[in-house]
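Okay, so here's the structure we're looking at.
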Amino acid sequence: MNIHEYQAKSLLKAHGVEIQEGFVAENPEQAVMAARELKEKLGSKYFVIKAQIHAGGRGKAGGVKLAKSEEEVREIAGRIIGMQLVTPQTGPAGKKVNKVLVAQDVYYEGDTEPEEYYVSILLNRSTSKYEIVYSPRGGTDIEEVAGQSPELIFREEIDPAFGLQDFQARNIAFRLEVKGEAYKNMIRFLHGIYETHVHCDTLLLEVNPVLKTSDNRVLAVDAKVAIDDNALFRHPDIAAMRDISEEDPFEVEAGEQKLNFVKLSGNVGCMVNGAGLAMATMDLIKLSGGEPANFLDVGGGASAKTVEAGFRLILKDPNVRAILINIFGGIVRCDRVANGVVEAYRAVGEIKVPIVLRLQGTNAEEARAIIDKSGIKVYPVISFREAAEKIRELINYFS
């Protein structure tokens, strides 16, 4: 589960990480009130208005602006709230901005020059250890840094059994070339984000930029956090941060129906039981000259209700030209699935796209008889090769 920047910063602050303070606003008047609060309590002269969407690259797309007065805060907030922000991570459709973060200006003058760094923590699945990825080139896309200057990307491996050790934090601060008071603050910062990562069960915690201010404070100016969905039962407070408006409506509906669904951009809808079979089915579609329109695992039950829910989700996609149902009857019998398909087909109503149906495994023959007697318009097949040939034929016919 992804969360907004302001929510990520609240988690970091709760674990002792110093952050760029700010307040969220849903309209220009709230933005002005937030700016006044920052001015009165923190003495901020200028204010940073940040669009809150689940995507990076906001600044380059016009979603992050500096305001030097309350009038500018009102004008900029009014312009950003409600806009369709298009970044490299949103796709061409972009995302609608429903709220902004009004943050303090932390790039003030002082005894030293401000410096920006990149720090992230994630799980390295190949080693079963955490990994801190960091760079002295913060404030820019880390992909650009990795492509142009890979020697500036460093990694520190953390054993979960021992956690982040002091010598490792010192090593990171040394490679970032942080000195003096800022060196001590960087070590404290690193321990804080590591504690946040572990205690909040994050899949990814990325701070870019980490800022060393002109008076040697070290704080998080931006933050991107993804929480492990499987751990949300331990964090009801974090689960409450979920913003459904930022998620794909297809996947939200699938979650409500207990379906494993991922929307893709192809032309062949898939309905399969089991993740491995689903991946193989998607490969089959690709080899047949088509493109999968979704990943849909109906699970081991595959009842009439789940099949109907799967039908409705797939048919909402206007790009779908054919549907491939590929079920292996192991835990669930094929005849039960066949009855579910017939009931779902009739419940959904007229289905205008062709359906290729493959039922193999326990009671496959009985399932074939049920489909034949039902009179529903499907193309029953037995083997993977037959399914591939039929999909290819249908794609060519309807293209």
Taking side-chain contact (heavy atoms from CB on, under 4.5 Å) as the criterion, tell me which of V119, L11, V198, L164 meets it with I193.
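That would be V119.
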Co-members of the apolar cluster containing I244 [side chain, <4.5 Å]:
V252
Would you mind listing the cluster partners of V86? Hydrophobic ones only (ILVMFWY), side-chain contacts under 4.5 Å, chaining allowed.
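So far as hydrophobic clustering goes, V86 is joined with none.
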Report yes or no: do [X] and [Y] belong to one cluster of Ile/Leu/Val/Met/Phe/Trp/Tyr joined by side chain heavy-atom distances under 4.5 Å?
| X | Y | answer |
| --- | --- | --- |
| V17 | Y117 | yes |
| L259 | L315 | yes |
| Y134 | L122 | no |
| L205 | Y6 | no |
| V337 | V378 | yes |

Spell out, as yes or no, whether a donor-acceptor pair under 3.5 Å connects the side chain of [X] to the backbone of [Y].
| X | Y | value |
| --- | --- | --- |
| Q168 | Q165 | yes |
| R385 | I382 | no |
| Q7 | I3 | no |
| S135 | Y118 | no |

Can you tell me if [X] and [Y] form a side-chain donor-acceptor pair at under 3.5 Å?
| X | Y | answer |
| --- | --- | --- |
| E246 | N2 | no |
| Y107 | Q20 | no |
| Y108 | D215 | yes |
| N185 | R188 | yes |
| N326 | R358 | yes |

Under the rule for side-chain contact (heavy atoms from CB on, under 4.5 Å), what residues qualify as partners of [X], not counting sequence neighbours?
| X | answer |
| --- | --- |
| T362 | R333 |
| S128 | none |
| A55 | I53, T87, Q89, T90 |
| K377 | Y345 |

Taking only Lys NZ, Arg NE, NH1 and NH2, and the carboxylate oxygens of Asp or Glu, determine whether K390 and E393 approach each other closer than 4.0 Å.
yes
Under-4.0 Å salt bridge between R312 and E308:
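Salt bridge present between R312 and E308.
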So, do [X] and [Y] sit near enough that their side-chain heavy atoms are less than 4.5 Å apart?
| X | Y | result |
| --- | --- | --- |
| L296 | V298 | yes |
| K263 | E251 | yes |
| V225 | H197 | no |
| P209 | D222 | yes |

Let me check something: any side-chain donor-acceptor pairs from residues 285-292 under 3.5 Å, sequence neighbours excluded? List them with distances.
| unit_1 | atom_1 | unit_2 | atom_2 | d |
| --- | --- | --- | --- | --- |
| K286 | NZ | E291 | OE1 | 3.2 |
| K286 | NZ | E291 | OE2 | 3.2 |
| S288 | OG | L284 | O | 2.8 |
| S288 | OG | A388 | O | 3.3 |

Distance check, rounded to the nearest 0.5 Å: F162 atom CZ versus K129 atom NZ?
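So the gap between those two atoms works out to 9.0 Å.
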Identify the heavy atoms of D297 and A275 that sit nearest to each other, and give their distance.
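Closest approach of D297 to A275: OD2-N, 3.6 Å.
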Closest heavy-atom contact between V207 and F189?
CG1-CZ, 4.1 Å
Inspect the surroundings of CE in M83 and state if more than 12 heavy atoms from other residues, nucleotides or ligands are less than 6.0 Å away.
yes
Could you pull out all residues at least two apart from R155 that satisfy salt bridge (Lys or Arg N to Asp or Glu O under 4.0 Å)?
E131
Contacts of type salt bridge (Lys or Arg N to Asp or Glu O under 4.0 Å), residue K60, not counting sequence neighbours:
D141, E144
By the ring pair (Phe, Tyr, Trp, His ring centres under 6.0 Å) test, which pairs, at least two apart or in different chains, include something from residues 47-69?
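Every ring pair (Phe, Tyr, Trp, His ring centres under 6.0 Å) pair that includes a residue of residues 47-69, provided the two are not neighbours, is H4-H54.
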Please list all pairs meeting salt bridge (Lys or Arg N to Asp or Glu O under 4.0 Å) that have one or both residues in residues 4-25, counting only residues at least two apart or in different chains.
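Of all non-adjacent pairs touching residues 4-25, those that pass salt bridge (Lys or Arg N to Asp or Glu O under 4.0 Å) are E5-K9, E5-K50, E5-R58, K13-E21, E18-R217.
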According to salt bridge (Lys or Arg N to Asp or Glu O under 4.0 Å), does anything in residues 235-244 pair up with another residue at least two apart or in another chain? List the pairs.
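Those involving residues 235-244 are R242-E247.
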Determine, step by step, whether R36 and E40 satisfy the salt bridge (charged side-chain N to carboxylate O under 4.0 Å, His left out) criterion, reporting the C-alpha distance in whole Å, the side-chain angles of both residues, the deciding distance to 0.1 Å, and the verdict.
CA-CA 6 Å; R36 289 172 182 167; E40 292 173 6; over 6 Å; no
